[in-house]
There are 2 protein chains.
Amino acid sequence: MPKPTQNTQSEAPEAVPTSLSHSAGFLLNRSARIIRERVEEALHPLGLSAQAYGLMRLIEAGGPTTQQSLCARNKIDRTTMVQLLDQLEERQLVLRQPSSTDRRANLIFLTPRGRKTLSRATRLVKKEQEKFLAPLAPEEWESLRQQLIKLLEHNFDRQP
Amino acid sequence: MPKPTQNTQSEAPEAVPTSLSHSAGFLLNRSARIIRERVEEALHPLGLSAQAYGLMRLIEAGGPTTQQSLCARNKIDRTTMVQLLDQLEERQLVLRQPSSTDRRANLIFLTPRGRKTLSRATRLVKKEQEKFLAPLAPEEWESLRQQLIKLLEHNFDRQP
DNA sequence: TATTGTTATACTCTATAACTATA
DNA sequence: TATAGTTATAGAGTATAACAATA
């Protein structure tokens with residue numbers, strides 16, 4: 001993620017303009033952007049993007065899975081998946097292994113090195129998350145979490 | 001926002017993988033993405049991106065302001081702002097007017113046509129937001145909202 | 001005939017660097 | 001000398017289309 005050109009801020013802008021304080025889109029997108037940027041920054045020394053990190057978490061979670069399955073779970077295109085995995089495989093963080101039951105498909109594994117890198121990354125990301133969530137009491141974060149999960153479960157697969 | 005290539009989903013993927021259900025980054029980014037995509041879709045007939053819509057909301061909210069001020073409030077680059085405004089001005093939705101007190105600066109206005117388009121857009125976006133928030137009781141949305149605002153106010157201007 | 005993965009390519013978004021004009 | 005806005009350009013990210021191998 002690139003850094004902004006020198007933007008001179010004559011006045012300190014407010015985090016939540018009143019007129020947008022009831023917009024779910026604004027609040028969610030702005031919060032998401034901040035945590036994503038922090039995570040990108042934290043992972044930079046490991047050479048991982050937030051996207052790549054998320055993908056590795058999914059691979060870790062689901063055990064060996066096909067590229068297609070990762071696409072579906074991550075809602076990204078097949079061709080994007082190829083490129084993401086190319087980068088991870090080149091750095092020997094993941095491994096493609098042709099499935100024995102369907103030889104068109106690749107099973108994706110984390111390598112030992114991948115697992116090591118991922119656990120380091122996870123520690124860094126957790127630290128960022130703690131800083132980000134600092135203003136919330138534990139019950140508040142828990143309730144925020146539950147509400148986001150409810151939103152996702154209701155909206156993830158809905159058709160327009 | 002482009003549409004995904006035919007991704008065959010053999011199994012319906014879950015909205016929130018257990019291993020990521022405690023990740024603020026995952027939950028926020030996935031929720032933000034969904035609402036953003038819905039908004040993009042809803043605004044497509046008006047030829048507005050979610051980004052452009054958000055910008056017009058900011059212009060509406062703050063009254064005539066300079067491009068720099070819009071950049072700071074929206075956390076985007078000066079050059080990106082130029083391009084966004086170029087598109088809006090070409091469609092006669094906004095107007096640049098050199099400031100009389102600082103002739104380097106442009107004051108940005110919504111045109112009557114811009115206000116009309118914006119109010120139509122806002123109606124469409126509100127409808128999407130209602131659908132998106134449907135699974136939450138009003139108190140739940142209110143608490144989610146307050147928590148997001150708390151996060152933003154604490155994190156918006158923090159230095160790394 | 002459909003599907004998995006791949007390649008080549010194009011598009012969108014956003015930023016960096018260099019410029020003009022004002023301050 | 002610094003700032004507001006602009007231009008030209010480049011990079012990251014992600015998609016579409018066409019293709020090979022397999023089902």
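In what follows, chains are A, B, ... by sequence order, proteins preceding strands, each numbered from 1.
Note: CG (N74(A)) to C1' (dG13(D)) measures 14 Å, nearest angstrom. Rounding to whole angstrom units, CD of residue Q51(A) and C1' of dA15(D) are separated by 13 Å. The distance between atom CG of D77(B) and atom P of dG5(D), rounded to the nearest whole Å, is 12 Å. Residue E40(A) contributes atom CD, which lies 14 Å from atom P of dT14(C) at whole-angstrom precision. N106(B) has its CG atom 18 Å from the P atom of dT20(C), to the nearest Å. Between the CD atom of E89(A) and the C1' atom of dT6(C) there is a distance of 13 Å, given to the nearest Å. When the P atom of dA8(D) is taken as reference, atom CG of D86(B) falls 11 Å away, rounded to whole Å. In this structure, Q68(A) atom CD and dG5(C) atom P are separated by 5 Å, rounded to whole Å.
Legend: residues meeting side-chain contact (heavy atoms from CB on, under 4.5 Å) with S99(B), ordered by chain and number and at least two apart, are T101(B), D102(B), A105(B), L107(B). Residues meeting the side-chain contact (heavy atoms from CB on, under 4.5 Å) test with A137(B), sequence neighbours left out: E139(B), E140(B).
Where T80(A) and R96(B) meet DNA chain D, the nucleotide closest to each residue was compared, and R96(B) sits on the side nearer the 5' end.
Using a 4.0 Å cut-off between a side-chain N of Lys or Arg and a carboxylate O of Asp or Glu, E130(A) and K127(A) do not qualify as a salt bridge. Looking at R38(B) and E41(B), no side-chain N of the basic residue comes within less than 4.0 Å of a carboxylate O on the acidic one, giving no salt bridge. A salt bridge between E37(A) and R33(A) is present, with a side-chain N of the basic residue lying under 4.0 Å from a carboxylate O of the acidic one.
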Contact pattern, 5' to 3', of nucleotides 18-23 of chain D - B, S or - by protein heavy atom under 4.0 Å: ---BBS
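At the phosphate of dT4(C), neither OP1 nor OP2 sits under 4.0 Å from any side-chain N or O atom of Q67(A). Q83(A) has no side-chain polar atom (N or O) that falls below the 4.0 Å cut-off from OP1 or OP2 of dT6(C).
The side chain of V82(A) lies closest to dT6(C), out of dT6(C), dA15(C), dT4(C).
Checking side-chain atoms of N155(A) against main-chain N and O of L151(A) turns up a donor-acceptor pair under 3.5 Å.
Side-chain contact between K75(A) and I34(B) is absent, with no heavy atoms from C-beta onward closer than 4.5 Å.
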